[in-house]
Every structure is written in structure tokens, then in C-alpha cells.
There are 2 protein chains.
Amino acid sequence: MKNKTRDVKSTTINLEGKRATSYDVARVAGVSQSAVSRCFKAGASVSAKTRAKVDGAAKSLGYQPNAIARGLISGRSNIVGVLITELTNLNYPQVLSQLNRKFAEKDIHILLFTLDKESDVDKVLEKVWQYQVDGIIAAAQFTEVQISACEDRGIPLVFYNRLYPQSTVSSVCCDHYEGERSLVEGLLNSGRKSFVVMSGPVDSPVSTARTQGAVAQLKGLAVDIVEVEGDYSYQRACSLTREVMNSAMHNPDAFVCTNDIMAIGCLDTLRIEYKANIPKDISVVGFDGVDAAAWLNYDLTTVLQPLERMVEAAVEMLLERIEQPELPAEKRLFAGSVRHGATAQLD
Amino acid sequence: MKNKTRDVKSTTINLEGKRATSYDVARVAGVSQSAVSRCFKAGASVSAKTRAKVDGAAKSLGYQPNAIARGLISGRSNIVGVLITELTNLNYPQVLSQLNRKFAEKDIHILLFTLDKESDVDKVLEKVWQYQVDGIIAAAQFTEVQISACEDRGIPLVFYNRLYPQSTVSSVCCDHYEGERSLVEGLLNSGRKSFVVMSGPVDSPVSTARTQGAVAQLKGLAVDIVEVEGDYSYQRACSLTREVMNSAMHNPDAFVCTNDIMAIGCLDTLRIEYKANIPKDISVVGFDGVDAAAWLNYDLTTVLQPLERMVEAAVEMLLERIEQPELPAEKRLFAGSVRHGATAQLD
DNA sequence: CTGAAAGCGCTTACAG
DNA sequence: CTGAAAGCGCTTACAG
């Protein structure tokens with residue numbers, strides 16, 4: 001009967017219009033509001049009897065602690081900001097859902113900020129400050145001033161696939177330079193002599209690193225090198241491939257594309273429009289390891305980023321720094337692994 | 001000189017360890033805390049003089065109103081929860097970034113919840129309650145109980161690509177049924193007689209609607225129909241295609257795949273492993289309009305979802321209901337548009 | 001237009 | 001183990 005009464009009461013309270021607070025629970029459970037609060041705090045000392053009363057009342061009221069209020073008083077919002085640019089991150093969905101999964105394990109949630117242009121960072125950071133995030137994962141380019149702003153506010157910051165060699169910030173990065181370099185080394189070993197290096201957007205540090213890795217390996221050797229400027233897109237890769245193939249000056253036997261999507265565009269164009277025999281006459285390589293690279297029609301030779309381990313590392317580093325703000329910055333560089341596909345022989 | 005002094009002071013305050021509050025700004029500006037608050041509220045009445053003093057002080061202190069505190073007192077967090085399942089939503093990245101863009105215009109931010117399995121909804125909703133979101137966009141399947149839970153708490157809810165015909169909830173949806181039906185009608189008109197309908201995961205309502213649209217159009221006609229159960233993945237589509245082609249009982253001339261990725265897997269398998277002539281001997285159609293559908297090698301005949309308009313509608317509907325909770329539920333159904341590609345003639 | 005004051009829903013020392 | 005009380009940083013009537 002007592003329970004019945006409580007249920008009725010609880011329903012009434014709930015229907016007053018607003019959700020139950022810890023005071024409502026306290027009243028129903030017949031304990032103090034402090035006691036209710038303790039029951040929802042891990043590791044607090046509460047007697048079994050009190051806990052039972054509170055649990056019952058909370059359940060009947062549908063009570064959940066208000067994370068906003070908790071954040072205000074404790075200084076911990078349990079929210080991290082994730083800043084991500086669409087264009088430059090091709091594994092965008094996977095990275096984001098992996099991040100979410102790893103953070104969720106620690107009961108931390110993601111406030112999402114997507115950037116159209118890297119130049120929007122300032123505008124976005126203003127919003128980030130307002131939301132009192134506990135930390136930031138950034139897959140976007142920051143200026144030194146923007147990095148300092150995070151430091152000044154005591155907000156831990158970890159970059160994803162952005163290296164700041166001259167700056168002391170934490171980052172997790174795939175070794176784009178070395179990955180591309182070793183891929184090109186393989187192409188050289190297989191006897192390729194005339195290279196096209198197709199870069200991504202000029203403002204993408206990831207593309208720059210990959211391009212530099214390729215060029216560094218080729219420089220000084222008796223090979224032909226053409227650099228063309230892509231934008232990571234399929235369409236532009238097709239156009240550039242046509243331009244190169246139509247030019248009387250070049251007769252390439254290897255296309256080094258700084259991402260998989262461009263490699264696929266290049267491949268389609270070469271096969272369909274130029275009836276090229278791949279990899280016999282022309283080799284094509286990409287970078288990233290997107291799903292399509294493994295499709296029957298492509299079986300692309302490329303470099304796989306160890307996405308899961310990278311995301312795990314980023315989350316771990318950020319959480320550590322939220323707990324211990326004094327921790328020094330740390331850079332973690334992960335090697336990519338070559339996928340030996342059918343579009344290039346690497347010997 | 002006065003400014004100089006303020007700057008020094010401000011720096012000192014900032015370096016005390018914590019960020020500036022409205023009280024800090026008030027002290028520096030020589031006004032009350034209420035005045036500071038008003039300056040950051042749109043449409044509040046503040047004199048030009050006060051505003052100038054406050055703006056100056058705020059700038060020198062790097063002050064930004066604390067959205068958490070604001071949310072607590074005002075009951076508006078300016079955060080919406082977005083629940084999204086990975087597997088079932090193939091336009092995942094585009095939808096998410098479009099949502100983010102549209103919400104950002106209204107200064108609203110997205111707290112992201114990704115679901116591995118649709119069954120995780122309960123666990124996730126608990127977190128959603130805690131964060132006092134102003135509303136929810138759900139691209140996941142809810143039970144009636146879960147829908148009621150949102151209503152009880154007065155949290156507006158809009159479904160994205162989920163229809164609840166028997167329930168009064170708001171939703172934005174592509175007309176999957178009609179899109180697939182008209183695609184199949186086109187295939188029939190072109191003379192196809194033996195159909196394979198490849199569905200997605202059984203628990204995906206989107207796939208179910210598409211499958212039903214296809215079957216409804218075919219039922220009762222003098223055509224052969226085989227239904228196979230896919231899971232929206234490339235790999236499984238390849239296996240299923242092999243099974244069908246190796247079966248002595250069937251000799252299909254049309255594959256109706258309920259998403260583009262499966263259509264691509266089907267296409268690759270048919271061309272590469274069975275040397276099929278497409279679309280002469282066999283037609284293949286997909287659904288969604290993913291980027292790869294437009295690649296030279298595929299040029300897929302498929303149905304495009306009007307993603308941008310759908311997202312816009314979802315955002316608009318949710319914002320309206322946040323402002324006016326009493327607004328009745330509304331269902332908006334958008335027609336898809338056929339992409340006439342090279343993998344099927346529709347006449 | 002302005003300021004003093006109450007209060008949003010919590011956490012956390014502090015006594016008992 | 002428990003409860004009374006202060007306080008997190010705001011917004012918002014309420015007087016003036």
C-alpha cells in the first residue's frame with residue numbers, strides 16, 4: 001500500500017510539468033537531499049538502508065541526476081568538444097563513431113563541431129568556451145594563438161592527424177610522410193621510372209606530409225616526376241589524370257595519389273578512358289584504406305591508417321590530461337601498413 | 001593608462017586559475033552583475049554607456065557566458081541530442097554535418113549519440129535525460145514506451161527516416177516505398193521478367209519499406225521473384241549474388257538492391273566473376289545516391305534522397321517544437337528522384 | 001535603464 | 001553514515 005501511495009504521489013509530482021529533482025526524491029524516500037546526491041556518486045558512503053529507499057524513490061519518479069547542474073558545481077561537464085573538418089578527414093564517420101564509443105565507456109559525451117573551412121576555428125572555439133568542455137579533440141588546423149587560448153583556459157587539447165613539430169601540443173598522428181615514402185620506394189623497386197604525384201588541398205597538412213614523403217624518396221633519382229594539385233575529390237582526380245595523359249610530354253608509369261578517393265578516380269579514368277593495363281603499364285597507389293579500396297573492382301594498393309588504435313590513443317591521452325592537467329604534451333606517431341593490392345606491384 | 005591598468009588586473013584575475021565570470025566583468029566594468037548578464041542577452045535594454053563599459057571589460061577578461069550555468073537557470077541548454085545508428089544510415093556523415101550546420105545557425109549544438117545496435121536506445125536515452133537536451137533528432141528505432149518517455153519529459157522529438165504510421169510523432173522521411181516501387185515499375189516497363197530483391201537488415205524499417213515497395217509492384221504479375229536477405233554491406237551483397245547466380249533454379253535479369261553499396265557489390269560480382277553484360281542481360285539498381293554511385297565505373301541507376309531538404313525540414317520542425325511545445329506532430333514525406341544511370345534502362 | 005536578491009539542481013566540506 | 005548549509009555562474013522578476 002505504501003508503495004502504491006508513493007507511485008500515485010510520484011506520478012502527480014512528475015505531471016506537475018517538470019522532471020524530478022533530488023529534492024523530490026529525498027522527500028519521497030524520507031531522507032535528506034544530500035543523501036540522494038551521495039547515492040548517485042560513485043564510491044560515496046551510504047548505508048544499504050538509505051540506498052534502498054533512495055533507489056526505490058528515484059525509480060518511481062524516473063529521476064536522473066541533472067548533468068548540467070552537476071557540471072556547474074563540480075566544474076566537470078563530462079563533455080568533450082570534437083572539432084572536425086569534413087574535407088580533410090576522409091575517415092570522418094569511422095573516426096567519429098570510434099571516438100564516441102571510446103568516450104561513452106567513460107560516460108563522457110561528444111559535443112560536435114564541424115568546420116566548413118579551417119578558418120572557422122575561431123568562431124567555433126568561442127562556442128567551445130561557453131560549453132565548459134572538459135577537453136578538446138581537434139582534427140583541424142589551429143594557429144599558435146588558438147592553441148595558447150586552450151592552454152590559458154586550462155582545457156586539454158589533443159590533435160588528431162595534425163602534427164605541430166615546432167609546438168608543444170599533444171597529438172596522435174599517422175606517419176603520413178613515412179607511409180608514402182615507403183610506398184614510393186616499393187614502386188621504385190618494381191622498376192617504375194615516371195611518376196605523377198597527385199597532392200590533396202594545399203591547406204591540408206596531411207596531404208602535404210604525404211606529398212613530401214613521396215617527393216623526398218624520388219628526388220635526386222633518374223626518374224621523371226610530375227606534381228599535380230588535387231583536392232582529395234574523385235572528380236578532380238579524373239580531370240587531372242586526363243590532363244596528364246593527354247599531355248604529349250609525359251608518359252607516366254606510376255600515379256601516386258595522396259588519398260584513396262583520388263586513386264580510385266585516377267584508376268577509373270585510366271582503365272575506362274585510356275584502356276590502360278593496370279598494374280602492368282601503370283601503377284596506381286592511394287592512401288587511407290577506405291572501404292572502397294577493398295572492393296573487387298579496385299583492390300587498391302594503399303596505406304592503411306590504424307584508425308582504431310589512433311582513436312584509442314587520442315581518447316586515452318585526452319582523458320589522462322583531464323585527470324592530470326600538469327601532464328606534459330605527448331606526440332604519438334603511428335605507422336601505416338601497406339595494403340598489397342592489385343593496382344601496383346611493390347618489389 | 002586606465003586601460004593598461006585593467007589589462008594587468010584582468011590578466012591577474014585570469015591567471016588565478018579559473019575563467020572570468022560575470023562578477024569579474026562587473027567588477028572591472030564598475031557595474032552590477034545583472035547589467036553584465038543583460039549585455040549578453042539578445043534584446044535586453046541596456047544603455048550605450050553601460051554596454052560599452054561591459055564590452056570592454058569582457059574583452060579584456062576574455063569573458064564568455066557560461067552556457068552550463070545559463071542552461072541551468074533558463075531551462076534551455078541550447079543542446080539537441082542526435083541519436084544515430086551507424087549501420088542503417090549510409091549518409092551518416094552528410095546528414096550529421098548538415099544537421100550541425102543548420103543547428104549552428106541558430107546557435108544550437110549537437111550532443112552526439114551513436115548506437116551500435118538499435119537495442120541500445122534505452123541506455124542512451126538515460127544519458128540524454130541527464131543532459132537536459134532541448135530536443136532530439138533520432139535516426140534510430142524507438143519503442144512506443146521510449147517515445148512516450150520523451151513526451152512525458154516534454155522533450156520534442158523528430159525522427160529522421162523512420163516512419164511511425166500508427167503513432168503520433170513527428171518525422172521526416174524519404175518515401176522509400178514509393179521510390180523503390182517506381183524504380184521497379186521502370187524495370188518492368190523495360191521488359192525485365194526475373195527479379196532478385198536484395199533487402200537490408202531485417203530490423204531496418206528503411207530497408208523494409210524499400211523491399212515492400214518492390215514486392216508490391218511485382219506481386220501478381222507474371223514475373224519471377226527471389227527475395228534474399230542482405231545486411232546493407234558490400235561483402236554480403238557479393239556472396240548473395242554468387243548464391244543466386246550459382247543456383248540452377250534462377251536466371252535473373254534484374255537485381256533490385258535496397259541500397260547503393262549492395263548494388264555496387266552486386267555489380268562488381270556480376271561483371272567480374274560472371275562476365276555479365278550490364279544492363280543488356282542484367283539490370284542492377286540501388287537506393288540512396290551515395291558518391292560512389294556517380295563514379296565512372298558504376299554510373300548506377302538509383303534513387304536519390306533529397307538529403308539537404310530532409311535535414312532542413314527536420315531541424316525546422318524540431319526548433320518549432322522547442323519554441324512551441326504544444327504544436328501537433330507532423331510527418332513530412334519527401335519523394336526521392338530517380339538517377340538514370342547506366343546499370344538499368346527504365347522505359 | 002539599473003541593482004539587489006532569489007533560485008536553477010546539484011556537490012561538497014563540515015559538524016554531528 | 002547523515003543532514004544543514006554554502007556555493008557553482010548564471011537569468012529574471014522586482015523595486016527603484
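Naming: A, B, ... by sequence-line order, numbering from 1 per chain.
Put simply, CD1 on Ile68(B) is 16 Å from P on dC8(D), counting in whole angstrom units. Rounded to whole Å, atom P of dT11(D) lies 11 Å from atom CG of Leu72(B). When the C1' atom of dT12(D) is taken as reference, atom CZ of Arg38(B) falls 9 Å away, rounded to whole Å. Atom pair Lys53(A):NZ and dT2(D):P shows a separation of 8 Å (rounding to whole Å applied). For the pair Lys41(B) NZ and dC1(C) P, the interatomic distance rounds to 14 Å; values are reported in whole Å. At whole-Å resolution of the value, CG in Asp24(A) and P in dC8(C) are 11 Å apart. At whole-Å resolution of the value, CG in Asn78(A) and C1' in dT11(C) are 13 Å apart. With rounding to whole Å, Gln33(A) atom CD is found 15 Å from dA13(C) atom P.
Of all nucleotides listed (dG3(D), dG9(D), dT11(D)), dG9(D) comes nearest to the side chain of Ala69(B). Nearest nucleotide to the side chain of Thr21(A), out of dG9(C), dG9(D), dG3(C): dG9(C). In this structure, the nucleotide among dG9(C), dG3(C), dC10(D) sitting nearest to the side chain of Asn66(A) is dG9(C).
With DNA chain D read from its 5' end, the first of the two nearest nucleotides for Tyr23(A) and Ser34(B) is the one closest to Tyr23(A).
A close approach under 4.0 Å does not occur between any side-chain nitrogen or oxygen of Ser74(B) and OP1 or OP2 of dC10(D). One finds a side-chain N or O of Ser37(A) lying less than 4.0 angstrom from the OP1 or OP2 phosphate oxygen of dT11(C). Contact between the side-chain N/O atoms of Ser32(A) and the OP1/OP2 oxygens of dG3(D) is found at a separation under 4.0 Å. Side-chain N/O atoms of Thr50(B) include one lying less than 4.0 angstrom from OP1 or OP2 on dT2(C).
For the residue pair Gln146(B)/Thr143(B), the side-chain donor-acceptor check at 3.5 Å is satisfied. Side-chain atoms of Asn66(A) and Gln130(B) include no donor-acceptor pair closer than 3.5 Å. Side-chain N/O atoms of Gln33(A) and Ser22(A) include a donor and acceptor closer than 3.5 Å. Side-chain N/O atoms of Ser34(B) and Ser37(B) include no donor and acceptor closer than 3.5 Å.
Aromatic rings from His109(B) and Phe113(A) are positioned such that their centres are separated by under 6.0 Å.
Tested against Ser170(A), the residues Lys331(A), Glu330(A), Arg321(A) include a single side chain to side chain donor-acceptor pair (under 3.5 Å) partner, Arg321(A).
Across every non-hydrogen atom of Gly62(B) and Arg153(A), the tightest pair is O-NH1, 3.6 Å.
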Secondary structure of DNA chain C per the Watson-Crick/G-U criterion (both distances under 3.5 Å; [ ] crossing, | other strand, . unpaired) is |||.||||||||.|||
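At a cut-off of 3.5 angstrom, the base of dG9(D) holds no donor-acceptor pair with the side chain of Arg19(B).
A cation-pi arrangement is absent between Arg19(A) and Trp129(B) under the rule of less than 6.0 angstrom and at most 45 degrees off the ring axis.
In this structure, Tyr63(A) reaches the sugar-phosphate backbone alone: every heavy-atom distance under 4.0 Å involves primed, P, OP1 or OP2 atoms, never a base.
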